[in-house]
Amino acid sequence: MTQITVNASQSYNIFIEHDVLAKCGEILSSILNTKTLAIITDDIVNSLYADTVVTSLTNHGFKVCKFVFPNGENSKNISVLNEIYDFLCKNNITRTDCLIALGGGVVGDITGFAAATFLRGLDYVQIPTTLLSQIDSSVGGKTAVNLSCGKNLVGAFKQPECVICDPKTLITLSKELLSDGMAEAIKYGMIRNEKLFELFEGHTIDNIMDCIDKVVYRCISIKKDVVEADEFDKGERMILNFGHTLGHAIEKFYDYKISHGNAVAIGMCLITECAYKAGICDVEMLNRLISCIKAYNLPYKLDANINALVDLCSNDKKRQSDKISFIVCSKIGHSIIKKTSVDDFRSFILK
Ligand SMILES: NC(=O)c1ccc[n+]([C@@H]2O[C@H](COP(=O)([O-])OP(=O)(O)OC[C@H]3O[C@@H](n4cnc5c(N)ncnc54)[C@H](O)[C@@H]3O)[C@@H](O)[C@H]2O)c1
């Protein structure tokens, strides 16, 4: 089995293997001190994978209870969080027990936040089942729920006890969800690793599953390095936001009717076009990025008023003081953090 250790404020292992879901009981009995586990999952993942996980856990002597909520971003809110707290109370979960997040980034984020806050904090384990959650959200300890006034506005840093990552679960993802995760994968190639980007250039959405284990492993390794260098997002971790400053604005512009991966794909292409116009990178790099984005059925441009996008970037509640931070790549695999005034950002984008 492949293992990656993340040396953050708390060290933990990521176990990566096909069919590792059926071994989660074995893995967790060697890591956890408790025998009581509360699985949190959504209805789709519940029907696909919960039985395998529950069987493996009970076969290894764990007492398991399970809370299932409706799938989708709309469930990542305070009201579902409240239902999770009630469920944990009713099942007498104590501070020495452990939560299991079984599902995509929505399940991971809300379960992680419940673990950070219920009884002032208890352990949790991530079992991510989407490409995005395997390569991104399950690693690094960011947890959150959405408020009606914005996404991820209430959250905490809370590292998991371990991550159990089964790339075989990605077989049941729709092409759209696979594409969505590929936007983040392409981002990793752009910001840190040209060889990884070349792997994507050599494939398309129709055959990337042939080497998905390699993709998952290499992307997680990059995320691990970045998180270890800047766990609490004060500096280098910002490079993970390549394509996201404009991407978040694009999501808001379309009232979240566009997927995150699609918005990030356009965000990466738009900012790279601006970087090219500003002489930061060459046209060949821009063209390679656009071709790669297209090969994964992702959009690279949009019909929106760019000024309106800049306004949305400058209204971002998570922005620091009066500056905007954004990421550009000078070469594939080399990213630079830029911090400018809103006016300078506007001129950079509108050049
Ligand atoms: N914490 C972080 O660092 C971080 C980073 C990036 C994104 N996020 C968050 O992650 C969330 C998005 O994650 P996501 O894209 O995984 O969304 P998601 O959790 O909503 O999953 C997408 C859909 O896929 C279904 N699904 C999950 N696994 C499946 C499988 N194996 N087969 C078939 N269907 C499956 C789910 O039921 C859901 O309908 C957002 O809320 C975002 O804010 C967090």
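Quantities reported herein were computed from a predicted structural model and do not represent experimental measurements. Read the numbers this way: they start at 1 and go in the same order the structure lists the ligands and their atoms.
Distances below 4.0 Å separate heavy atoms of Leu48 from the following atoms of ligand 1: 32 (N), 33 (C). Under a 4.0 Å criterion applied to the non-hydrogen atoms of Leu177, ligand 1 contributes the atoms 22 (C), 23 (C), 24 (O). Those atoms of ligand 1 that come under 4.0 Å of a heavy atom in Asp136, given as number and element, are 5 (C), 6 (C).
No more than 12 heavy-atom neighbours from other residues, nucleotides or ligands sit within 6.0 angstrom of NZ on Lys168. Enclosure of atom CG in Asp210 by more than 12 non-hydrogen atoms of other residues, nucleotides or ligands within 6.0 angstrom is indicated. Within 6.0 Å of OH in Tyr276 there are 12 or fewer heavy atoms belonging to other residues, nucleotides or ligands.
Across Leu240, Val45, Thr172, Val145, heavy-atom proximity to atom 32 (N) of ligand 1 is greatest for Thr172. Residue nearest to atom 12 (C) of ligand 1, selected from Val227, Leu132, Asp43: Leu132 (by heavy-atom distance). Residue Lys76 holds the heavy atom nearest to atom 42 (C) of ligand 1 of all those in His260, Lys76, Lys223, Glu176.
Shortest non-hydrogen contact noted between Leu122 and Ala114 is CD2-O, 4.3 Å. Across all their heavy atoms, Asn307 and Arg346 have their closest contact at OD1-NH1, 2.7 Å.
The protein heavy-atom contact nearest to atom 39 (O) of ligand 1 is Asn71 OD1, 2.9 Å. Of the protein's non-hydrogen atoms, Val106 CG2, 3.9 Å is the one closest to atom 18 (P) of ligand 1.
Not a single heavy atom of Asp180 sits closer than 4.0 Å to an atom of ligand 1.
Using a 4.5 Å cut-off on side-chain heavy atoms (C-beta onward), Ile39 and Val53 make contact.
Geometrically, ligand 1 and Gly105 share a nitrogen or oxygen pair separated by less than 3.5 Å. Among the atoms of Asp42, some N or O lies under 3.5 angstrom from an N or O of ligand 1.
Figure legend: cation-pi geometry between Lys35 and Phe62, with NZ or CZ positioned under 6.0 Å from the six-membered ring centre and within 45° of its axis.
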